[in-house]
Amino acid sequence: MKLTKDLVGASAVPLVLSILAEGDSYGYAIIERVKLLSDGKIAWTDGMLYPVLHRLEEQGAIRARWGESDAGRKRKYYSLCKAGKTVLAEQKEQWLVVQTTLGRLWGTANV
Amino acid sequence: MSDIKTLIAAWRASAAPLFRGRPEVLDELESHLWDEVDRRTAAGEAPAVAVQAAIAQLGRVEDLASEFAKVPIVPRPWLPVRLVWVTTMLLTVFTMMMMLPRFSKGGLDSILAGHVAGVMLGYLSCLLVGFLATCFLVTRLFREPGPGERATIRSAATWLTAGAVVLTVVGVILGSYCPFEKRGWCLGLDTREVGGVVIAVWNATILACFWSGRRSSQILPLMVLQVAGSVVVVFGWLGAARVENHSYGYLNSIAALVAFAALSFAMCLTALLPAGYLRPRKA
């Protein structure tokens, strides 16, 4: 089972911010981490993550800096800013409301 | 390895027209491709196959470009820019207060006051842009300023340079009407006014550069020009005054002028270093 495009799109921001809350990271590693955590069920078109990262950077939620990979190549690293922590906290609340609501509905339906 | 480089370079060349003005996006996507190709070749895929698969997985460049087009480059506040705007306002108020008594006298005194106010504010605006450019170059040694910061710097530098051109031109024109102190060895102007013309021409040239590069996110060459512009202002203003035997104390001593030029030149040379050159490396 793969998630729908809309759901993947909606979950992109909380996923990215949550991963960056664990520590600095870069685009490729973020995609790999999401694949691993979702057992491959959340499949982004790789390139589509980058506009999300740039939008978050422009909003001041994350900060970017150029560094070097182990192979000595240029690589852009992202880290979570204070504003990003606030956004993440808000996103968590919102997703928990959705989760709780669906849980109640489906829990009742299952009974 | 050379196969991979060639294929990735070809992908980049094909994508470049769609990402005009955002080279850092292409750098980042290219970095992603390299990571994916490394993973695939390490798993035993042939280089050409790995590159094609990585490109396919990255997505169509047209789709990526249209997604990036939705991400506006919003100017972000930057402390040096704020400082420069506050200083500009204070200098304007101070100059106007200083010149007001002369303005109110009318006649030649008003023209003279207009001349002094125009060139002073014009020159100082240019020096403030030079300060901004220096802040940009110093920041760049530690980290690449973000697109939002670059947009803020570009906007402030453009407006201040435009103001500097207008004020300097007005100041020089008013100055050419003032008959006092006229020695007239060049175009009927004294050395200080020739300096003013040089500064106005330099600023107009920089403004034209800003205009022609307005669609590019790259501002490094413009910042180097602005630092060089500070040297032009210092020599056109304080240096020319020295030629006219008008001393501003140590400010226009030969040693101070040469030291300023040398420091500015050194600052311009830092543009040759990669961004983040002085950033502390993690062990």
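Letters A, B, ... are given to chains in the order of the sequence lines, protein chains preceding strands, and every chain is numbered from 1.
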Ordered numerically, the heavy-atom neighbours of chain B under 4.5 Å found in residues 74-81 of chain A are A:Lys74, A:Arg75, A:Lys76, A:Tyr78
Side chain to side chain contact (heavy atoms under 4.5 Å, CB included) between A:Met48 and B:Asp63, worked out: CA-CA 9 Å; A:Met48 291 305 169; B:Asp63 295 339; 3.7 Å; yes
Hey, what do you get for CZ (A:Arg73) to CG (B:Asp27), rounding to the nearest 0.5 Å? 13.0 Å
For atom CD of A:Glu22, decide whether the heavy atoms of other residues, nucleotides or ligands shown that lie under 6.0 angstrom number more than 12. yes
Measuring from atom CZ of B:Phe142 to atom CZ of A:Arg65, what distance do you get when rounded to the nearest 0.5 angstrom? 14.5 Å
Which pair of heavy atoms, one from B:Leu58 and one from A:Asp46, lies closest together, and at what distance? CA-CB, 3.9 Å
Do B:Glu36 and A:Tyr28 get their side chains close enough for a donor-acceptor pair, meaning under 3.5 Å? yes
A:Tyr26 and B:His32: aromatic ring centres closer than 6.0 Å? no
Answer yes or no: are there more than 12 heavy-atom neighbours, outside B:Arg12 itself, under 6.0 Å from its atom CZ? yes
Proximity breakdown for A:Gln59 and chain B, heavy-atom pairs closer than 4.5 Å: neither
Please determine whether the number of non-hydrogen atoms from other residues, nucleotides or ligands lying under 6.0 Å from atom NZ of A:Lys92 exceeds 12. no
Which answer fits B:Leu29, side chain, backbone, both or neither, if we ask what part of it has an atom under 4.5 Å from a heavy atom of chain A? side chain
B:Phe136: which residues meet the ring-ring contact (aromatic ring centres under 6.0 Å, His included) condition with it, sequence neighbours left out? none
In terms of heavy-atom contacts, A:His54 and B:Val25 come closest through CE1-CG2, 3.6 Å
Relative to chain B, which segment of A:Leu49 carries a heavy atom at a distance below 4.5 Å: side chain, backbone, both, or neither? neither
Whether over 12 other heavy atoms sit under 6.0 Å from B:Arg82 CZ: no
